[in-house]
Every structure is written in C-alpha cells, then in structure tokens.
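Proteins get letters first, then strands, A, B, ... in listed order; numbering begins at 1 in each. Computed from a predicted model, the values in this text were never measured in an experiment.
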Amino acid sequence: MGEDYEPKVVGFCCHYCAYSAADLAGSMRLEYSPNVRIVKLMCTGKVDTLHLLKAFEDGADAAFVAG
Amino acid sequence: MIVGERKPFEEIKESVQGYNKLLIVGCGTCVSVCMAGGEKEVELLATQLRMANKLEGKEVEIGEVTIQRQCDREYIEPIVEMARNYDAVLSMACGAGVQLMADMLDPIPLIPGLNTRFIGIAEEEGVWAERCRACGQCVLGQYAGICPITRCPKSILNGPCGGSQGGRCETDPNRDCAWALIYDRLSKQGQLDNIIRVAPPKDFRNQDSPARQVNEDYLKAEMEEAAVE
C-alpha cells in the first residue's frame with residue numbers, strides 16, 4: 001500500500017443519532033473525509049452481518065457502525 | 001425439525017473448486033429455522049465465496065435461490081430449468097433435501113453445504129437439542145414424554161443406570177439424566193408403575209433402513225380418481 005492509499009470506508013449510521021450528527025456537521029460546514037460513505041439506517045439494531053459483508057464485497061476497505 | 005450446521009467455509013470452498021457457474025440453493029423449512037441453510041445463510045455464503053474468489057482472481061458466477069422445501073418435488077420443480085444453466089448446485093438443505101435435488105437435477109453435481117445433525121427442538125434461541133431417533137416404535141406414552149432412546153446416551157429402556165448422579169448423567173455433568181427426568185415426571189403424574197414394569201427389548205426391526213412409508217388409502221383414492229377421468 002502506497003502513501004497515497006485512500007481506504008474506502010462505509011459508515012452505517014443510525015437516523016436518530018450518528019446520522020443526525022453527520023447532518024449537523026454538514027449544516028455547520030464541517031468537513032469529513034470524502035472517502036467515507038454514509039448509509040442511513042432507521043436504527044443500527046437493523047445492521048446485519050450481511051450488510052457489512054456486502055460492503056466489503058462491493059469494494060469497501062473498512063466499515064463502521066455508529067448509533 | 002431436522003437440525004443441521006453449515007460445513008466449515010474452507011471445506012465448502014474446496015468442494016466447489018473448478019465450477020465456473022455455481023447455484024446455491026437454500027431450504028426454507030427446518031434448516032432455515034436452525035439458522036443453517038435458509039435464505040439469509042445462502043446470501044452470507046454467496047457473499048463469502050464471491051469475496052474469496054475475487055481475492056484469488058477467479059471469475060465465478062454465483063446464483064442464489066431459496067425454496068420452501070428441498071424434500072418435496074413440487075417445490076424443486078420450478079427451479080429445475082434455471083438450475084440447468086449452472087455447472088454445479090450447492091444445496092443448503094439436510095441430507096434428504098440434497099438427495100432429492102440430486103435426483104431431480106441429475107446429472108448436475110450436487111454439493112452439500114451442511115452437515116445434518118439430528119431431529120430436535122429449539123431449547124432456546126440459538127440452542128437446539130436432539131429429541132427423536134426415529135426408532136419407529138414410540139414409547140413416549142410410557143415415559144412421561146421423555147425419550148430414553150434419544151436422551152439417555154446408553155438408550156436404555158430400564159433405567160436409570162449406575163451413572164445417574166444427582167439428576168445428571170455420568171457422561172457429562174451438564175447433561176440431565178433422562179431417567180431421572182422420567183422418574184420425576186412420572187411420580188408427579190402418579191404413574192411410576194410405568195417404570196417399575198420391566199420393559200422388553202425394543203424391536204429395532206421397526207427402524208427399517210432405508211425406511212419407506214406408503215399411505216395406501218391415499219394411493220387408492222388417487223387411482224380411483226384417475227380411473228374416473
């Protein structure tokens with residue numbers, strides 16, 4: 001992996017907390033890395049092994065769950 | 001239900017090597033309930049295989065489908081044509097389902113994705129336990145609904161043996177002694193006579209192998225109906 005390696009990160013975020021926080025960050029014009037893609041969930045209780053595996057299958061280097 | 005567990009991933013990966021088009025077929029009944037071979041497990045395995053193939057630079061097309069039951073012809077029939085487009089089929093059913101699929105999809109190679117374990121019950125979420133050996137001569141009526149053939153590791157009919165200690169079995173301190181359970185429940189029911197009586201040896205000829213069952217009345221009615229037509 002070279003120094004210019006940019007991992008693709010998928011974040012599974014709860015609509016009521018982590019996603020709202022990201023939304024607020026947006027309205028405050030705060031920046032976060034563009035290599036993070038957020039997937040909104042109604043609740044992180046809905047996260048299934050399958051969601052995480054599909055993220056990796058489709059090329060994500062890392063995934064996180066926030067809620 | 002029939003309880004099974006998925007084979008280790010490495011074993012599955014090894015067994016599907018060399019096939020470029022693989023269909024994974026789940027079974028929506030028993031093995032779905034015991035979280036081993038249902039729709040979700042099919043998706044998980046397909047994803048795992050796709051990732052493993054990608055890492056090894058292999059181009060393998062993996063199809064996924066889950067049918068209600070793999071032990072009944074009518075549920076397999078709708079997927080036969082589609083399955084013929086694949087080089088091999090990996091069945092996530094119990095051994096019975098795998099065999100009927102193999103018959104109906106002949107000559108497509110059928111690969112089992114599960115190890116079939118036993119006929120059992122769900123003790124609690126995620127825990128299953130064997131309850132029936134399909135011996136063909138049920139004695140549950142005499143033994144308060146507790147099967148000594150299945151639940152006693154020695155399958156003895158005139159128990160308990162000397163290894164019953166404090167209600168536990170000598171083979172495993174976490175295992176209940178089936179005969180202690182039978183004794184307790186029969187005494188609550190006032191039917192201890194049932195175990196005082198010496199039980200004759202079981203006729204294991206009833207455990208015909210391979211067993212087969214025919215409903216004569218049903219077949220007769222079918223034949224009569226066909227004759228009228």
Side-chain angles (χ1 to χ4, degrees), chain A, chain B residues 4-13 16-17 19-28 31-67 86 90-93 113-114 125-128:
Chain A
M1 265 171 239
E3 279 196 5
D4 52 351
Y5 168 68
E6 280 284 334
K8 276 186 217 156
V9 181
V10 179
F12 293 93
C13 298
C14 167
H15 168 76
Y16 293 97
C17 49
Y19 186 84
S20 310
D23 205 27
L24 182 66
S27 21
M28 290 169 73
R29 302 286 182 263
L30 296 173
E31 282 185 17
Y32 62 84
S33 302
N35 55 336
V36 176
R37 316 288 161 87
I38 291 181
V39 176
K40 179 170 85 169
L41 299 169
M42 292 314 287
C43 171
T44 41
K46 174 68 189 151
V47 173
D48 192 276
T49 328
L50 209 51
H51 297 132
L52 304 172
L53 282 178
K54 290 267 180 202
F56 291 123
E57 188 190 331
D58 290 338
D61 298 300
F64 70 84
V65 178
Chain B
E5 65 182 351
R6 204 186 86 174
K7 282 177 177 287
F9 182 65
E10 285 306 318
E11 186 184 335
I12 295 179
K13 207 176 105 190
V16 299
Q17 246 174 14
Y19 299 117
N20 295 323
K21 281 186 88 180
L22 177 73
L23 178 66
I24 306 180
V25 186
C27 183
V31 293
S32 217
V33 180
C34 66
M35 303 178 200
E39 194 173 2
K40 187 179 161 187
E41 291 74 30
V42 167
E43 275 190 78
L44 282 172
L45 179 61
T47 304
Q48 271 182 291
L49 281 172
R50 272 190 216 109
M51 282 199 285
N53 288 333
K54 235 183 235 183
L55 286 174
E56 289 171 17
K58 286 185 197 155
E59 290 259 340
V60 179
E61 185 188 323
I62 297 177
E64 301 163 39
V65 66
T66 298
I67 58 174
Y86 289 86
L90 190 138
S91 164
M92 302 279 279
L114 303 188
E125 244 176 86
V127 181
W128 295 273

#### Entry: From A:L52 atom CG to B:T47 atom OG1, the distance as rounded to the nearest 0.5 Å
11.0 Å
#### Entry: Point-to-point distance, once rounded to the nearest 0.5 Å, from NZ of B:K40 to OG1 of A:T49
4.5 Å
#### Entry: Smallest separation among heavy atoms of B:K54 and A:E57, with atom names
NZ-O, 2.6 Å
### Heavy atoms from other residues, nucleotides or ligands near OH of A:Y16 exceed 12 (cutoff 6.0 Å)
no
### Task
Count the heavy atoms of every other residue, nucleotide or ligand shown that sit under 6.0 Å from NZ of A:K46, and state whether that count exceeds 12.
no
#### Entry: More than 12 heavy atoms of other groups within 6.0 Å of A:K54 NZ
yes
### Task
Taking atom CD of B:E39 as the centre, report whether more than 12 heavy atoms of other residues, nucleotides or ligands fall under 6.0 Å from it.
no
